[in-house]
Amino acid sequence: MAAYHVVLVHFPIALWMTATLAIVWRALSDGTLAKAVDRALVPLLTLGLLAGIAAYTVGLMVWPWETISSTPLGRNHMLLATWTTAYWALLLATRWIQGEAVWDGVMRWVMAGLAILGSVLLGITGTLGGHLVGIYTEVSQVLRLLGWEVYTTFYVPTLTLAVIGVVALLLIGLGLWGRSARTAQ
Amino acid sequence: MRRRLDTGNPLDDKILRDQGAYHVAFSVHRDAQQERWHYVSLPFTLGLNRPAEIVAPKFAGDAPDWKQEWTEVTLFYPGQVSWPHLNSKRHAGAEYIKKGVPVRYRHSEAQLAHYGVEAEFADAIRRQWLLTMLAGVLLIAGFGVAVNLLRSRRQGV
């Protein structure tokens with residue numbers, strides 16, 4: 001399945017990179033063309049997510065779970081692929097739910113930042129996939145300079161996990177509080 | 001360190017011949033022990049007076065003049081990675097081992113040094129990695145819920 005995975009990953013990469021350009025463009029411009037591109041964003045992100053899920057699913061079939069979860073590079077690739085897919089699902093959901101309101105005020109810069117971060121995640125995922133099949137790039141050197149050796153499994157200490165869990169719950173609580181406060185008005 | 005091409009003990013020492021080509025690897029053991037706490041190299045080819053990664057030129061007399069090309073060999077701590085493990089499902093390269101593909105084809109000394117250390121804490125690291133992956137997804141989901149519930153306006157599509 002490795003060859004199919006390599007073929008399939010090209011689609012989410014192309015679609016999400018295009019989506020990044022569209023989001024950044026829309027964040028920078030209120031012009032007619034930028035607005036027209038924005039109208040294609042939900043279909044673009046939907047196709048990207050479907051292609052991403054397909055590539056992720058086929059990727060899980062390249063090696064047995066026992067294998068992929070036993071190698072640092074395999075673990076790192078899977079971790080980044082999971083985060084990247086979840087992250088772009090978040091961008092799709094946000095644009096879909098919010099509609100054109102995502103371009104109001106500071107939110108447009110949040111969208112641009114999220115899109116750029118999503119592209120970075122995508123790039124790291126692809127780099128690690130390249131390492132897995134023996135195709136290396138200098139991106140891993142950049143990651144090393146940032147303090148992450150790609151040949152070691154990426155994980156955080158238990159205390160950090162607890163902090164992340166608390167922050168996530170606080171964010172959900174904040175959202176629910178905001179909705180109930182608005183409903184009460 | 002020196003040895004004869006034929007030490008007279010073929011069961012212990014491989015007989016080497018002039019113009020011969022051989023595979024060699026090096027290890028340095030701490031405290032002269034034979035098992036754990038040692039460093040190893042990846043395999044090299046050795047050529048006795050013939051082209052190879054390490055070339056041993058022929059010389060006359062009791063010792064060479066030590067002016068020939070020399071080769072740097074990187075040693076690394078291999079951890080406790082067993083042969084059965086390398087040939088099991090837990091090793092993605094098991095099929096390459098069966099085909100006789102050299103280890104250097106996919107691995108460097110630096111890479112294997114990290115893998116060797118991680119192998120000693122494999123279960124703990126795998127558990128922490130899984131939790132980290134799930135925590136990241138939870139954080140992304142939490143952020144999405146917060147953003148979309150705090151700003152639940154919809155103006156067009």
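Computed from heavy atoms alone, side chains included, the values below leave out hydrogens, waters and symmetry copies. Protein chains get the first letters and strands the later ones, always in sequence-line order, with residue 1 at the start of each.
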Comparing Gly173(A), Ala168(A), Pro157(A) against chain B, the one with the most heavy-atom pairs below 4.5 Å turns out to be Ala168(A)
Can the positive tip of Arg104(B) be found less than 6.0 Å from the middle of the six-membered ring of Phe44(B), inside 45° of the ring normal? yes
With only heavy atoms counted, which part of Glu118(B) is less than 4.5 Å from chain A, the side chain, the backbone, both or neither? side chain
Mark yes or no: Arg144(A) above the aromatic ring of Tyr151(A), with NZ or CZ under 6.0 Å from the six-membered ring centre and no more than 45 degrees from the axis. yes
To the nearest 0.5 Å, how far apart are CD1 in Ile68(A) and CG in Asn76(A)? 10.0 Å
Indicate yes or no: does Asp38(A) engage Arg108(A) in a salt bridge with an N to O separation below 4.0 Å. no
Of Ile164(A), Thr85(A), Val167(A), the largest count of non-hydrogen pairs under 4.5 angstrom with chain B goes to Ile164(A)
Would you mind checking if Lys58(B) and Asp18(B) are paired as a salt bridge, meaning a charged N to carboxylate O distance below 4.0 Å? yes
Options Ala110(B), Ala122(B), Ala141(B), Ala92(B), ranked by heavy-atom pairs under 4.5 Å with chain A, top entry: Ala92(B)
Nearest 0.5 Å, please: how far is CZ in Phe76(B) from NE2 in His107(B)? 9.5 Å
Among Gly165(A), Gly74(A), Ala86(A), Gly175(A), single out the residue with the greatest number of heavy-atom pairs under 4.5 Å to chain B. Gly175(A)
By a 4.5 Å heavy-atom criterion (distance strictly below it), what part of Thr158(A) contacts chain B: side chain, backbone, both, or neither? both
Given heavy-atom pairs under 4.5 angstrom as the criterion, report whether the side chain, backbone, both or neither of Leu41(A) touches chain B. neither
Whatever's closer than 4.5 Å to a heavy atom in chain B on Trp63(A) counts as side chain
What I'd like to find out is whether the side chain of Arg95(A) reaches to under 4.5 Å of the side chain of Glu100(A), using heavy atoms alone. yes
Does any backbone or side-chain atom of Leu130(B) lie under 4.5 Å from a heavy atom of chain A? Answer side chain, backbone, both or neither. side chain
How many angstroms lie between CH2 in Trp83(B) and OG in Ser88(B), if you round to the nearest 0.5 Å? 11.5 Å
Could you have a look at Pro72(A), Ala89(A), Pro64(A) and say which one has the most heavy-atom pairs with chain B under 4.5 angstrom? Pro72(A)
So what's closer than 4.5 Å to chain B heavy atoms on Leu176(A): side chain, backbone, both or neither? both
